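One structure is given here, and the rest of the page talks about it.
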Amino acid sequence: MLHFTASLPFDRRLAIVDTRGSLAHVEMLADRRIITRDEAEKIIDGLKEIRAEVEQEQFPYDLDFEDIHMNIEKRLIEKIGPLGGKLHTGRSRNDQVALDTHLYMKDEIKALELLLKQLQETLLHLAERFEGVLIPGYTHLQRAQPVLFSHHLLAYFWMLQRDRERLEGVLKRADLMPLGAGALAGTGFDIDRQQVAEKLGFSGLYENSIDAVSDRDYIIEFLSFASILMMHLSRLCEELINWSSAEFGFIELDDAYTTGSSMMPQKKNPDLAELARGKTGRVYGSLFAILTVMKGLPLAYNKDMQEDKEGFFDTVDTLKGLLPLLAEMLDTVTLNHDCLKEAVDDDYLCATDLADYLVKNGLSFRDAHHVVGNLIAYCRKEEKRLRELDPDTRGRFHPALAGEISFLLDPAQVVEARRSRGGTAPSAVREQMKLAWKEMG
Ligand code: ARG
């Protein structure tokens with residue numbers, strides 16, 4: 001029973017924040033004269049010794065004591081005697097564990113924000129490095145219109161920007177201090193929750209003790225943030241996988257982020273990108289697990305809620321492992337200019353521009369779409385590029401097409417023309433880049 005219900009194997013990573021919370025609690029107890037100053041000093045010394053043991057990996061974890069909170073209390077009593085039992089005055093493990101996960105999350109959010117920002121920065125540098133390079137833009141994975149490669153990369157920048165904003169929102173709601181809720185109803189001791197909150201760097205307090213010990217929204221929100229982020233990273237990685245395949249041949253990934261096959265000597269597998277895509281599944285799994293655990297739980301604390309930790313910790317580890325590696329991999333991507341040029345040279349990508357040109361010559365867009373559709377169908381049948389048709393042939397589809405239209409069939413000029421705000425013209429992308437850098441502060 002004990003081994004099945006114990007959380008120690010995974011909540012031991014809360015050891016440091018647990019001592020931090022206890023130190024603030026015990027100082028408050030002394031300030032409010034709930035324990036004496038002398039008692040507090042002894043407890044504080046004991047807690048500091050324990051913190052050092054944890055830091056030096058010398059803490060004697062004992063699975064017979066269910067969780068990290070009981071382990072630390074037991075160790076304190078070993079060190080300073082029965083007085084150690086006074087630490088838990090006015091406190092329950094229910095508000096203590098809530099405090100610890102809040103503290104832990106706040107630290108990790110700060111670390112993750114930085115990693116996210118670094119990945120955004122990598123994307124910006126990449127967009128600058130590849131300035132002027134064209135790729136086919138796709139819809140339905142069919143070549144659609146030529147775009148600047150930088151423009152395509154910057155789309156991911158803005159996704160990550162929203163992720164960073166979402167993370168700030170998570171932080172805001174994780175920034176409430178639950179301690180003082182006791183088991184669920186508050187405490188009869190004359191505690192000062194505000195003081196504890198300030199000492200621990202919280203900007204607010206939970207205003208309802210039952211809510212304080214029952215709330216796991218912040219974990220659900222964190223995992224929602226993480227799930228959306230992983231979805232974005234998975235899409236980016238899917239593109240890297242596609243682009244580095246022989247079928248596309250647009251980019252090459254550095255050997256450091258690929259592996260060979262044990263059987264096929266020619267293989268260069270994009271393992272990191274694939275695993276990033278795959279890890280998305282376990283992050284979604286953690287989100288669904290905690291949503292399901294919390295659903296239908298009566299107030300207040302229930303042991304079910306101990307299930308909040310593993311998925312959360314695992315997600316933190318996944319993101320902290322993945323984000324820096326992705327940044328490194330992106331930073332070392334090289335382009336295969338010949339393949340890119342050949343793909344972009346497909347002048348069917350300019351069909352929209354031909355249609356727009358006919359609109360400027362008085363046709364409705366529907367009619368223009370029809371005319372160009374016929375023209376492309378003809379080219380496909382004849383196995384010809386648009387630019388290989390002579391003016392008379394083109395003119396048979398519409399007289400306006402018999403004129404000089406080579407500027408419409410040049411991908412660079414077509415891209416150049418898309419100067420609408422947020423569009424792919426080099427000037428518009430430069431503007432976008434300026435705004436993006438501004439978001440980086
Ligand atoms: N190990 C527990 C958890 O992680 C700590 C709180 C336990 N409280 C209790 N009354 N059993 O949720």
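Since the model is a prediction, treat every value here as computed from it, not as a measurement.
When every heavy atom of Pro146 is checked against every heavy atom of Thr424, the shortest pair comes out as O-CG2, 4.2 Å. For His151 against Gly422, the heavy-atom pair with the smallest separation is CE1-O, 3.2 Å. When all heavy atoms of Leu349 and Pro136 are compared, the closest pair comes out as CD1-CB, 3.9 Å. Residues Ser92 and Ala183 approach most closely at CB-N, 3.3 Å, considering heavy atoms. The shortest non-hydrogen separation linking Ala428 to Gly423 is CB-O, 3.5 Å. In this structure, Met433 and Leu154 approach most closely via the heavy-atom pair SD-CD2, 4.0 Å.
With no hydrogens or angles considered, a side-chain donor-acceptor pair links Arg13 and Tyr104 at under 3.5 Å. Side chain to side chain, Thr352 and Gln145 meet the donor-acceptor criterion of an N or O pair below 3.5 Å. Donor-acceptor pairing under 3.5 Å is lacking for the side chains of Gln96 and His25. With hydrogens and angles left out, the side-chain atoms of Trp437 and Glu128 include a donor and acceptor closer than 3.5 Å. Side chains of Gln58 and Glu53: no donor on one and acceptor on the other come within 3.5 Å. Judged by distance alone, the side chains of Arg91 and His88 do bring a donor and an acceptor atom under 3.5 Å apart. Of the N and O atoms on the side chains of Tyr257 and Asp271, not one donor lies less than 3.5 Å from an acceptor on the other residue. Between Asp18 and His69, the side chains place a donor N or O and an acceptor N or O closer than 3.5 Å (distance only, hydrogens not considered).
Ring geometry for Phe312 against Phe222 counts as perpendicular: the plane angle is over 60°, on a 0 to 90° scale with 30° as the lower cut. In this structure, Phe250 and Phe248 have perpendicular ring planes: the angle between them is above 60°, well past the 30° mark.
Heavy-atom contacts from other residues, nucleotides or ligands closer than 6.0 Å to NZ of Lys303 number more than 12. Remark: Arg282 CZ is loosely packed, at most 12 non-hydrogen atoms of other residues, nucleotides or ligands lying under 6.0 Å away. Within a 6.0 Å sphere centred on CD of Glu342, other residues, nucleotides and ligands contribute 12 heavy atoms or fewer. Remark: Glu383 CD is loosely packed, at most 12 non-hydrogen atoms of other residues, nucleotides or ligands lying under 6.0 Å away. Dense packing is recorded around NE2 of His232, with more than 12 heavy atoms of other residues, nucleotides or ligands lying under 6.0 Å away. Counting non-hydrogen atoms of neighbouring residues, nucleotides and ligands closer than 6.0 angstrom, the CZ atom of Arg235 reaches no more than 12 such neighbours. The number of heavy atoms from other shown groups lying within 6.0 Å of CD (Glu328) is above 12. At most 12 non-hydrogen atoms from other residues, nucleotides or ligands lie less than 6.0 angstrom from NZ of Lys48.
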| field | Leu275 and Cys237: CA distance, side-chain angles, deciding distance, side-chain contact (heavy atoms from CB on, under 4.5 Å) verdict | value | CA-CA 9 Å; Leu275 205 50; Cys237 286; over 6 Å; no

| message | side chain to side chain donor-acceptor pair (under 3.5 Å) for Asp211 and Ser214? Distances and angles first, verdict last. | response | CA-CA 5 Å; Asp211 184 37; Ser214 309; over 6 Å; no

| query | Given the rule in the salt bridge (charged side-chain N to carboxylate O under 4.0 Å, His left out) test, do Arg162 and Glu165 qualify, once you have shown the distances and angles that lead to the verdict? | reply | CA-CA 5 Å; Arg162 291 193 293 276; Glu165 285 166 17; over 6 Å; no

| message | As a quick check of understanding, evaluate side-chain contact (heavy atoms from CB on, under 4.5 Å) for Leu287 and Ser224, giving each step before the final call. | response | CA-CA 6 Å; Leu287 172 62; Ser224 309; 3.7 Å; yes

| request: Kindly determine whether Glu221 and Arg166 satisfy salt bridge (charged side-chain N to carboxylate O under 4.0 Å, His left out), including the steps that lead there. | output: CA-CA 9 Å; Glu221 280 193 57; Arg166 263 185 287 274; over 6 Å; no

| task | Give the intermediate values and the outcome of side-chain contact (heavy atoms from CB on, under 4.5 Å) for residues Glu439 and Gln120. | result | CA-CA 10 Å; Glu439 299 286 357; Gln120 285 184 293; 5.8 Å; no

| side-chain contact (heavy atoms from CB on, under 4.5 Å) between Glu382 and Glu388: does it pass, once the steps are laid out? | CA-CA 11 Å; Glu382 300 293 315; Glu388 288 164 359; over 6 Å; no

| task | Please assess His102 against Tyr218 for the test ring-ring contact (aromatic ring centres under 6.0 Å, His included), listing each intermediate value before the final yes or no. | result | CA-CA 8 Å; His102 278 77; Tyr218 58 106; 3.9 Å; yes

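For the pair Lys309 and Phe10, the cation-pi criterion (under 6.0 Å, within 45° of the ring axis) is not fulfilled. Geometric assessment of Arg385 against the ring of Tyr348 yields a positive cation-pi assignment under the 6.0 Å and 45° thresholds. A cation-pi contact links Arg12 to Tyr61, judged by a cut-off of 6.0 Å to the six-membered ring centre and 45° from its axis.
Taking CD1 of Ile228 as the start and CG of Leu160 as the end, the distance is 12.5 Å to the nearest 0.5 Å. For the atom pair CG of Asp347 and CG of Leu386, the computed distance is 4.5 Å after rounding to the nearest 0.5 Å. Annotation: the span from Leu354 atom CG to Leu409 atom CG amounts to 5.5 Å, rounded to 0.5 Å. For the atom pair Met177 CE and Leu103 CG, the distance stands at 9.5 Å (nearest 0.5 Å).
Legend: residues meeting salt bridge (Lys or Arg N to Asp or Glu O under 4.0 Å) with Asp175, ordered by chain and number and at least two apart, are Lys106.
Aromatic rings from Trp243 and His152 are positioned such that their centres are separated by under 6.0 Å.
Put simply, the side chain of Asp410 does not reach to within 4.5 Å of the side chain of Glu416, judged on heavy atoms.
A salt bridge between Arg20 and Asp107 is present, with a side-chain N of the basic residue lying under 4.0 Å from a carboxylate O of the acidic one. Arg173 has no carboxylate O lying under 4.0 Å from a charged side-chain N of Asp217, or vice versa, which leaves the two without a salt bridge. Remark: Arg418 engages Asp353 in a salt bridge, criterion side-chain N to carboxylate O under 4.0 Å.
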